[in-house]
There are 2 protein chains.
Amino acid sequence: MQTQAQVRSANLAAVLGHLRDDGPRSRARLATDTGLTKATVSSLVGELVDRGLVAEGELHRPGSVGRPGTLVELDGRGVCGIGVEVNVDYLAVLVLDLAGAVRWQDRLAVDTAALPPAQVLARASAMIWQARTEHPAVGVTVAFPGGVQGSVVRTAPNLPRWVGVDVAAGLAGQRLPVTVANDADLSALAEWSAGPHAHVADLVYLTGEIGVGGGVVTGGRLLRGSTGLGGEIGHLALTPGDEPCGCGRRGCWETVVGLAALLRAAADPGDPLRDPGRDLEDRLAEVRARARAGDARTLAALADIGTGLGVGSAVLVSLFDPAVVVLGGYFAVVGEFLLDPLRAALAARVEDADRVVLSTLGFTAAVRGGAHVALQPVFSDPTTVPLMEAYA
Amino acid sequence: MQTQAQVRSANLAAVLGHLRDDGPRSRARLATDTGLTKATVSSLVGELVDRGLVAEGELHRPGSVGRPGTLVELDGRGVCGIGVEVNVDYLAVLVLDLAGAVRWQDRLAVDTAALPPAQVLARASAMIWQARTEHPAVGVTVAFPGGVQGSVVRTAPNLPRWVGVDVAAGLAGQRLPVTVANDADLSALAEWSAGPHAHVADLVYLTGEIGVGGGVVTGGRLLRGSTGLGGEIGHLALTPGDEPCGCGRRGCWETVVGLAALLRAAADPGDPLRDPGRDLEDRLAEVRARARAGDARTLAALADIGTGLGVGSAVLVSLFDPAVVVLGGYFAVVGEFLLDPLRAALAARVEDADRVVLSTLGFTAAVRGGAHVALQPVFSDPTTVPLMEAYA
DNA sequence: GCTATTCGTTCGGTCGTTGCACTATTGTCT
DNA sequence: AGACAATAGTGCAACGACCGAACGAATAGC
């Protein structure tokens, strides 16, 4: 009752993984790709069809002689993964189907810092229920801006009330597996799984918010420390500097390249950019507008940020030697003004500075990564999805 | 001809791994540990005995009722792994048996930098042959102080003639699988596999030579960049500083905490410690002697090194959050004078500064890690070892 | 229409694990 | 001393998964 089924699971997973990574293909092609026999692949595909995970598609004409093969492809209708993001001023939900298509998306402005966590989670749960009315979910992953152990928040610089909260417990009513993880980590996974640089072996993701977060994928796996590194990248002393940081120390990287640093450098205290009551995205949009208009001070501030990013990235690049460094969050929004000084600073310190690119996933990276993680168990062991009844 | 045998291999590996990690135990205990059936374990153990990998030991009395079990333990006589270290002024060889015991050890002073690589490898090969006369080897791993891709040296700051040399090709006459890897990486693996902190999930190893090397184990696996990070830790700008470095840049960590920096700070140019013709180990011993005698300047120099180590380690600790940071090389030799300032600097920046410890493996760490790597294939797939004939 | 070619399925065979029965060996209780 | 309980290890039939070869199916080209 052990290894027999494990072999089956592993082979089902191999077939499913090939279909995900290399696209639809015939059974015969799957056989040569996986090294299994045509007979075995037929049996495996049959079981995956019964579980609602794959479906037969069109005939495949290879343009040459011989009987055309029947394309087998992932069946998106079967199962979906749900990613939820709890952030300082909003909740977001995204539903990804097995084929990687976005099936549903929702966003709700919520003052997470002011409300009790339980109420926030109740709203998140309602959003999840709505998503589930149309999409069969197998799991939920919650992206949280802080350090998480198990499903309990350990550190949350911007949401101090959440420390100690068990996020999964707040969603237990869903009767679904709930995973909780750092938002930057999940964003890194999203870039690794779906972006234009999908499945590179090593990837570093940096996201600019008020602070700076980061996630690292090495050897195809997310790097986690014994407690989960998560938001710590922003609090490294990667660049010279002596600004006091909210964490109590001085010279943290995010005091140099965080959004707060940009606003401080780009505008004097009386400037509307420095108005703490104003929405951050508005202010960021204005920064970009000023830069596009050629405002010298704004451009200089952005160039300084870019240089700081380059100096700090040099350390990360030397350590991890990633194939690509992806910039997300506000870095991507004003990236056009950051990249040149960044690459210049990086090129002075490491060999290949062109590996720094801007994220194309925007602010959905975290939820997307969450949904991807929620689907992971299906790809690792397709037998977790129950067999469907045969309808005639 | 595919998955059937893979199941067998995986289960053989599971049994062998349990015996390595958790010590000798009875078949019944193995069955409950692995989740396999007693019958299956009996069969697996039988095959492992036939391959000369395990042997039956004494009876095991659990102190309670019932028939006592027969202990099954790793059989060291069967196969050995060989670790070879090519370093600037010596060659070293160490033979590890399956049970993790050191079976043989040798060291030869060789001016590697002056001789042609082929000649050095010929001497190494002779040392390996001598080791093999008594110990049946399944593989050789060469530790090299530089960056390695495949078996070809890519960077070698202290052995420039070796760049481009295919080290495995120089040992092809052995007719054994030859692996080549960075010496610090292998040392990190050695600490992870054998030291007092064996099998912690995350471990950072730092070694002080003329430069500074490092290896990182995260999630039980050695961290490698797309090209192999290896010696790059020494060339990160982890601490403030502006000294020119041999790599062409300024402010590299090893200009602050490398052995060269220590000697510079501890003695004036005329001092015998600064005599470039003198053996480094001699000079290092003299540094330690002066420190133990209470020489103020030496102690101050060591304290500065310790502080620099602490500041730089803070970045590594924050990034990787390892359970332990192991100091090897010269750091371990004079560690008694480094640890206090190091921990002070580290404690100011991260939570747990006590995780920094000194290596107990000394200068054999690299060869030990190499031998461990050479044995790895046996533990991953025990069927690679041929069946032995039955002697009556 | 015939052949070559490729696709997918059917069927017997091999192999490894399982579950149970059975023997072996020891401690404990009467 | 003898019976009983408990634990260790092995033998055997059965099951499940994959493999290899053979077969029917579908298409292009002649």
Side-chain angles (χ1 to χ4, degrees), chain A residues 1-16 18-19 24-51 54-73 381-383 387, chain B residues 1-16 18-19 24-51 54-73 381-383 387:
Chain A
M1 210 159 83
Q2 174 135 7
T3 355
Q4 225 98 328
Q6 283 178 4
V7 170
R8 189 67 174 177
S9 289
N11 285 335
L12 288 169
V15 169
L16 209 56
H18 266 280
L19 290 177
R25 56 203 51 226
S26 69
R27 292 172 173 82
R29 181 71 196 282
L30 280 170
T32 59
D33 286 352
T34 58
L36 298 168
T37 319
K38 284 191 299 174
T40 306
V41 170
S42 264
S43 159
L44 292 167
V45 168
E47 180 170 344
L48 290 174
V49 169
D50 289 344
R51 295 190 189 276
V54 310
E56 294 196 340
E58 293 305 305
L59 285 191
H60 177 55
R61 299 220 168 58
S64 105
V65 300
R67 167 180 167 181
T70 318
L71 279 191
V72 176
E73 60 190 4
D381 182 5
T383 61
L387 286 164
Chain B
M1 212 160 81
Q2 174 137 6
T3 357
Q4 227 95 330
Q6 283 177 5
V7 171
R8 189 69 172 174
S9 288
N11 286 335
L12 288 169
V15 169
L16 209 56
H18 266 281
L19 290 177
R25 56 202 52 227
S26 69
R27 292 172 173 81
R29 181 72 196 281
L30 280 169
T32 59
D33 287 352
T34 59
L36 297 167
T37 319
K38 284 192 299 173
T40 305
V41 170
S42 262
S43 158
L44 291 167
V45 169
E47 179 169 345
L48 290 173
V49 169
D50 290 343
R51 294 189 189 277
V54 311
E56 292 196 341
E58 292 306 303
L59 284 191
H60 177 56
R61 299 225 165 57
S64 106
V65 301
R67 167 180 167 180
T70 318
L71 280 192
V72 176
E73 60 191 5
D381 182 5
T383 61
L387 287 163

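Labels below follow one simple rule: chain letters A, B, ... track the order of the sequence lines, proteins then strands, and each chain is numbered from 1. The basis for the numbers below is simple: all heavy atoms, side chains too, and nothing from hydrogens, waters or symmetry mates.
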Any N/O pairs under 3.5 Å between the protein and nucleotides 15-17 of chain D? List them or say none.
residue: D:dG16; atom: O4'; partner: A:Gln4; partner atom: NE2; Å: 3.3
residue: D:dG16; atom: N3; partner: A:Gln4; partner atom: NE2; Å: 3.2

Taking only nitrogen or oxygen atoms into account, show me every contact under 3.5 Å that the protein makes with nucleotides 10-12 of chain D, one pair per line with its distance.
residue: D:dT10; atom: OP2; partner: B:Ser42; partner atom: OG; Å: 2.1

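Rounded to an integer number of Å, the gap from A:Leu30 CG to C:dT6 P is 18 Å. Put simply, CG on A:Leu44 is 14 Å from P on C:dG8, counting in whole angstrom units. Atom pair B:Leu71:CG and D:dT7:P shows a separation of 17 Å (rounding to whole Å applied).
Side chain of B:Ser26 to main chain of B:Arg29: a donor-acceptor pair is present (N/O by atom type, distance under 3.5 Å, no hydrogens or angles).
We find the CZ-CG distance between B:Arg27 and B:Leu71 to be 10.0 Å, quoted to the nearest 0.5 Å.
Using a 4.5 Å heavy-atom threshold, the side chains of A:Leu36 and A:Leu44 count as touching. Using a 4.5 Å cut-off on side-chain heavy atoms (C-beta onward), A:Glu73 and A:Leu19 make no contact.
For the 3.5 Å distance criterion, the side chains of A:Arg8 and A:Ser43 qualify, holding a donor opposite an acceptor.
The two residues B:Pro382 and B:Leu48 make their nearest non-hydrogen contact at CB-CD2, 3.9 Å.
Applying the side chain to side chain contact (heavy atoms under 4.5 Å, CB included) criterion to A:Asp381, with sequence neighbours excluded, gives A:Ser9, A:Thr383, A:Thr384.
For C:dG8, the OP1/OP2 oxygens have a side-chain nitrogen or oxygen of A:Thr70 closer than 4.0 Å.
Not a single donor-acceptor pair, N or O on each side, falls under 3.5 Å between the base of D:dA26 and the side chain of A:Arg67.
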Step by step, would you call A:Val15 with A:Asn11 a side-chain contact (heavy atoms from CB on, under 4.5 Å)? CA-CA 6 Å; A:Val15 169; A:Asn11 285 335; 5.7 Å; no
